[in-house]
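Heads up, the thing below is written out as structure tokens.
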Amino acid sequence: AQAPAAGCGSATQPERVAVWPNAPGTMRLESIRYSPGSLQILNQLQLPEHCSYEALGSVQQASEAIRAMKVRGAPAIALVGCLSLAVELRAGAGGPGLASLVAFVQNQLRLLVAARPTAVNMARAARDLARVAAREAERKGATEETVRERVICFAEDMLEKDLKDNRNIGDLGARHLLEHTNPRGGKVTVLTHCNTGALATAGYGTALGVIRSLHEMGRLEHTFCTETRPYNQGARLTAFELVYEQIPATLITDSMAAAAMAHQGVSAVVVGADRVVANGDTANKIGTYQLAIVAKHHGIPFYVAAPSSSCDLQLETGREIVIEERPSQELTDLNGVRIAAQGIRVWNPAFDVTPHELITGGIITELGVFAPEELRAALSASVFSEGQ
Ligand code: MRU
């Protein structure tokens with residue numbers, strides 16, 4: 001296999017490296033580089049050809065990058081959004097005066113939430129951050145400095161938490177999947193959709209984290225990753241991560257998924273989520289729903305892997321989820337070249353909703369693996385429920 005573009009690892013080296021490192025997989029792929037006062041994102045529009053990092057100095061720049069999908073994936077969107085606010089606040093934005101600082105924070109968060117509506121992570125983080133700012137401002141002795149500091153700390157802690165949650169998701173998901181598909185030992189083959197890896201999160205990934213964990217355990221036979229039309233997150237990003245990490249994998253088009261399940265020994269399907277609602281219905285990348293139907297037909301367990309920050313107990317069913325529609329050019333053009341007939345109408349929903357009854361394997365969170373009907377009770381009993 002051809003090595004993907006070099007230079008995306010976290011080793012201290014120039015951001016663009018002409019030569020593929022000797023030992024691919026030894027460096028961690030990073031979609032977000034943050035240090036206090038500085039935020040950079042890997043421009044995912046240019047992958048896999050180029051690895052170039054772009055500095056984001058403001059919430060405005062971050063929301064433009066999110067809308068343009070330079071950074072994407074539910075957890076990464078929230079992280080970049082909140083960290084861009086941290087960068088602005090460190091530079092002294094907002095105020096003067098406590099009330100005007102809190103209003104500034106709330107306005108900036110509204111801008112970020114509006115960038116992409118389906119994933120709940122940014123909306124949840126915005127609600128939490130707005131509350132943190134307001135509470136601190138009401139505290140006796142609060143100053144602009146303490147309000148800024150509280151918001152910045154909250155945003156910075158999110159990075160570490162997401163990475164930790166992903167590792168737990170990987171571990172819990174891998175163990176559950178092995179127990180339920182291959183209890184007598186041996187290896188498993190997993191089919192996944194879209195990109196849910198290091199590029200979509202603070203690192204490691206959710207569904208791709210489960211695949212990484214299986215690989216680390218020596219229990220992964222093979223991965224099938226779907227191309228994920230129209231934006232091709234599978235072909236461009238997941239395939240990139242799998243090759244980079246030397247995880248055995250094959251790329252298929254979305255329309256090959258049924259054939260793969262019929263003929264390629266797929267043990268389980270594991271996908272991510274943009275929003276899991278109270279009854280377990282799950283919004284994820286367009287095409288997920290059809291994978292769940294096909295998996296059910298073949299008796300193959302279908303798992304959703306997502307941190308609890310992707311769960312939304314305020315919505316009862318998937319019918320309430322707002323589905324983002326993307327520009328028609330994503331379908332009609334490839335790399336700027338028109339491939340569709342002129343004049344054709346286009347429908348381009350970025351996500352679909354998989355009904356909970358099709359999620360037969362379970363919902364893998366950092367808190368445990370739950371059947372969809374158990375999710376509400378399980379999350380309500382945890383720290384997750386604070387403020388729900
Ligand atoms: O449009 P995208 O690329 O942001 O969609 C991404 C997905 O649908 C992912 O499956 C989801 O966000 C989970 S990422 C851990």
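Numbering of ligands and ligand atoms starts at 1, following listing order.
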- Message: For the residue pair E366 / S308, report whether a side-chain donor-acceptor contact shorter than 3.5 Å exists.
- Response: yes
Of all protein heavy atoms, the one nearest atom 15 (C) of ligand 1 is T206 OG1, 3.3 Å
If we number the atoms of ligand 1 from 1 as shown, the ones under 4.0 Å from a heavy atom of M69 are 1 (O), 3 (O)
A student comparing R275, R116, Q233 should find that the heavy atom closest to atom 4 (O) of ligand 1 comes from R116
**Prompt:** Does ligand 1 have an atom under 4.0 Å from some heavy atom of P75?
**Reply:** yes
Worksheet item: Just checking, any donor-acceptor pair under 3.5 angstrom between side chains of T189 and H222?
Response: no
Here the atoms of ligand 1 under 4.0 Å from any heavy atom belonging to T201 are 15 (C)
Strictly by modelled atom types, are T317 and N279 linked by a side-chain donor-acceptor pair under 3.5 Å? no
Atoms of ligand 1 under 4.0 Å from any heavy atom of C194, numbered from 1 in the order shown, are 5 (O), 6 (C), 7 (C), 8 (O)
Which of I252, I300, I211 passes side chain to side chain contact (heavy atoms under 4.5 Å, CB included) with L191? Answer is I252
- Query: Does an N or O from N195, backbone or side chain, lie closer than 3.5 Å to an N or O of ligand 1?
  - Reply: no
If you scan protein heavy atoms around atom 11 (C) of ligand 1, the nearest is D274 OD1, 3.3 Å
Stepwise side chain to side chain donor-acceptor pair (under 3.5 Å) test for E325 and N348: CA-CA 6 Å; E325 291 199 21; N348 185 17; over 6 Å; no
Quick look: Y231 vs ligand 1, heavy-atom contacts under 4.0 Å, and the answer is neither
the protein heavy atom lying closest to atom 14 (S) of ligand 1 turns out to be A200 CB, 3.7 Å
Taking only Lys NZ, Arg NE, NH1 and NH2, and the carboxylate oxygens of Asp or Glu, determine whether R33 and E30 approach each other closer than 4.0 Å. yes
- Given side chain to side chain donor-acceptor pair (under 3.5 Å), test R72 with N195 step by step and report yes or no. CA-CA 9 Å; R72 26 66 50 205; N195 174 264; 3.0 Å; yes
Exercise for review: Using a strict 4.0 Å threshold on nitrogen-to-oxygen distance, state whether R135 and E138 make a salt bridge.
Suggested key: no
Atom 9 (C) of ligand 1 has as its nearest protein heavy atom N284 OD1, 3.4 Å
protein heavy-atom neighbour closest to atom 13 (C) of ligand 1 works out as A273 O, 3.4 Å
Polar contact flag for A74 and ligand 1 (N/O pairs, less than 3.5 Å)
yes
re atom 5 (O) of ligand 1, the protein heavy-atom contact at minimum distance is K285 CE, 3.3 Å
- Message: Quick test of your reading of the model: are E88 and R90 salt-bridged, counting only N-O distances below 4.0 Å?
- Response: no
